[in-house]
Amino acid sequence: MRAAPTILHLDMDAFYASVEQASKPSLQGKAVIVGGLGPRGVVATASYEARRFGVHSAMPMGQARRLCPNGAYLIPRFSLYRQVSDVVMAMLRELSPLVEPLSLDEAFVDLEAGGVAFDSRTARETGERLRADIRAATGLSGSVGLAGSKMLAKVASEEAKPAGLLLIEPGTERELLAPMSVRTLPGVGPATGEHLRRAGITTVGELAEAGEDELVRMVGRSAGAGLYRMALGLDDRPVVAERDAKSVSVEDTFDVDLHDRVRIRGEVQRLADRCVQRLRGSGHSGRTIVLKVRRYDFSTLTRSETLRGPTDDPAVVREAAARLLEGVDTTGGVRLLGVGVTGLADYTQEDLFAQSLAAEPDGAEGAAGSEGAAGSGGEAAEAGGAEAEAGGAAGAREAAETPGEPEPSPERRWAAGSDVRHAVYGPGWVQGSGVGRVTVRFEQPGSEPGRVRTFRVDDPELEPSDPLPLVGETA
């Protein structure tokens with residue numbers, strides 16, 4: 001614990017939804033829900049307007065639609081979220097060399113290490129200046145917590161939401177924490193919270209009063225000792241600038257259970273290729289290939305195979321994933337598939353599996369299945385958890401065509417929330433599509449709410465577009 005509140009925790013407010021509101025003027029002040037739009041999708045983020053209806057992250061999308069039928073339901077646009085995150089993280093690194101990102105929208109900063117704060121006054125000034133700078137650079141709001149430890153700084157930022165700042169003065173930690181729910185403490189989830197509730201412990205103050213011995217008896221030595229220290233506000237963990245990625249993975253949840261074994265193999269091959277793309281993008285290779293299969297009854301199986309050395313060869317990963325699939329019973333149907341690589345390294349052992357280049361692995365004929373509109377189940381599984389807010393929350397995607405079937409007549413698909421540009425009307429975004437038509441609202445960041453127009457889905461003047469920046473030149 002420090003004698004000054006020089007550890008800062010920044011948490012951007014309803015990040016994905018706030019980005020969507022900032023880029024779509026007609027949605028400002030409206031309920032916005034970002035996530036998988038299929039029948040099995042779940043909410044990645046909900047705006048504060050949507051949260052008033054009871055919508056929250058990780059909620060099934062069908063339930064969200066029942067609670068908030070008039071909300072705007074949009075697919076995630078991770079490329080834009082990463083761009084905004086890069087701007088924010090660069091601003092944090094200007095404050096200190098010790099910045100510990102937790103996700104795209106959340107990070108710890110050691111202000112003392114950067115020489116920008118040494119006491120409560122300078123820490124508060126730095127936090128307020130940071131919030132103003134983020135607003136000017138991105139148009140978004142973030143909440144800031146300042147304390148003498150990481151745990152308390154995170155608690156403070158949560159209490160400051162939305163768009164606020166809370167500084168916890170050293171020496172006041174126990175008084176502040178005492179009336180808070182035990183669920184406030186990191187690592188206390190629903191199961192632990194319910195276990196403590198049955199024992200008559202619902203607040204952090206009651207945790208501290210119970211004593212370490214009693215907590216150890218209730219939840220075990222490691223968890224009990226940790227709970228007691230947190231209840232006292234004790235946390236000596238340093239801010240760590242580099243957090244090594246432990247794994248890279250992608251996964252997809254399907255709107256309809258997959259039964260065809262050839263189709264399942266094809267999906268696994270496609271996921272393996274996407275996983276390798278992400279692996280290479282992070283500058284890593286890996287030794288252990290992991291296959292995840294969630295079956296029709298929600299039972300989840302994982303299988304893994306460790307190679308003789310690290311690789312980032314797509315043929316090697318496809319072949320290993322195919323072998324793992326052979327040991328999984330998929331009769332009855334599959335609702336989710338995932339492929340991951342763990343045991344990461346920053347080098348590749350060349351020619352480790354050169355024989356895999358001589359012939360295509362079994363099931364390779366399925367690798368060319370079209371990806372459709374990818375859901376964020378895979379997008380959320382970035383190396384190092386960079387997108388923990390999604391957490392796999394937005395899973396559903398457009399189903400790929402079954403390998404071997406005749407190709408359907410080409411029809412362009414327009415997912416709600418995606419960016420487009422019209423040759424005449426300029427930039428806009430898709431409000432919805434169906435029965436051969438797509439509805440577009442033509443507006444851009446900083447403009448007035450735009451006009452809505454409807455086109456044929458194959459209109460040659462309408463094209464997909466890259467996202468426009470939230471602040472600055474957008475035309």
Side-chain angles (χ1 to χ4, degrees), residues 78 82 100-104 106 187 189 222 240-253 264-265 267-295 299-330 334-357 361-364 367 371 374-395:
F78 285 104
R82 291 189 193 100
E100 182 178 343
L102 304 180
S103 63
L104 284 180
E106 185 180 2
S222 177
V240 180
E242 297 295 334
R243 298 178 61 206
D244 291 337
K246 297 181 179 179
S247 65
V248 175
S249 62
V250 295
E251 62 184 41
D252 275 339
T253 301
I264 293 171
R265 282 201 303 268
E267 292 294 335
V268 168
Q269 301 287 283
R270 184 184 58 79
L271 288 166
D273 287 341
R274 283 175 54 195
C275 183
V276 170
Q277 289 176 2
R278 185 158 295 154
L279 186 70
R280 289 178 169 179
S282 69
H284 290 92
S285 57
R287 295 186 66 232
T288 301
I289 314 303
V290 180
L291 175 70
K292 177 179 177 181
V293 180
R294 181 167 296 150
R295 299 188 291 191
S299 61
T300 303
L301 304 177
T302 58
R303 298 289 186 268
S304 64
E305 175 180 314
T306 299
L307 309 176
R308 289 179 290 172
T311 184
D312 64 354
D313 187 328
V316 172
V317 177
R318 285 198 302 265
E319 185 175 314
R323 285 195 299 269
L324 293 170
L325 179 63
E326 292 306 311
V328 177
D329 180 9
T330 59
V334 169
R335 60 182 292 121
L336 176 147
L337 290 169
V339 174
V341 179
T342 66
L344 301 189
D346 56 5
Y347 67 95
T348 303
Q349 185 166 330
E350 299 293 343
D351 299 324
L352 176 65
F353 281 81
Q355 69 271 20
S356 65
L357 301 178
D362 291 340
E371 183 169 329
S376 67
E379 298 288 352
E382 286 273 288
E387 289 164 8
E389 181 169 357

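All figures in this text were calculated on a predicted structure; none of them were measured in a lab.
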Measure the spacing between [atom1] of [X] and [atom2] of [Y] and express it to the nearest 0.5 Å.
X: E305; Y: E319; atom1: CD; atom2: CD; answer: 8.5 Å
X: D312; Y: L279; atom1: CG; atom2: CG; answer: 6.0 Å
X: R303; Y: L301; atom1: CZ; atom2: CG; answer: 5.0 Å
X: R278; Y: H284; atom1: CZ; atom2: NE2; answer: 14.0 Å
X: S249; Y: I289; atom1: OG; atom2: CD1; answer: 12.0 Å

Quick one: side chain to side chain contact (heavy atoms under 4.5 Å, CB included) partners of R287, sequence neighbours excluded? T306, P310
Using the side chain to side chain contact (heavy atoms under 4.5 Å, CB included) criterion, which residues pair with V293? Sequence neighbours excluded. L291, R295, V328, V334, L337
Answer yes or no: is there a side-chain heavy-atom contact under 4.5 Å between [X] and [Y]?
X: V341; Y: S247; result: no
X: D273; Y: R318; result: yes
X: T288; Y: L307; result: no
X: E100; Y: L102; result: yes
X: L325; Y: R323; result: no
X: V290; Y: S304; result: yes
X: R280; Y: P314; result: yes

Residues two or more places apart in sequence or in another chain: which of them pass side-chain hydrogen bond (donor to acceptor under 3.5 Å, both in side chains) with [X]?
X: S222; value: none
X: T302; value: none
X: T300; value: R294
X: R335; value: none

Under the criterion side chain to side chain contact (heavy atoms under 4.5 Å, CB included), I'd like the reasoning laid out for K292 against V339: C-alpha separation, chi angles, the key distance, then a yes or no. CA-CA 6 Å; K292 177 179 177 181; V339 174; over 6 Å; no
If you compare all heavy atoms of L271 against all heavy atoms of D252, which two are closest, and at what distance to 0.1 Å? CD2-OD2, 3.9 Å
Under the criterion side chain to side chain contact (heavy atoms under 4.5 Å, CB included), I'd like the reasoning laid out for R265 against E326: C-alpha separation, chi angles, the key distance, then a yes or no. CA-CA 9 Å; R265 282 201 303 268; E326 292 306 311; 4.0 Å; yes
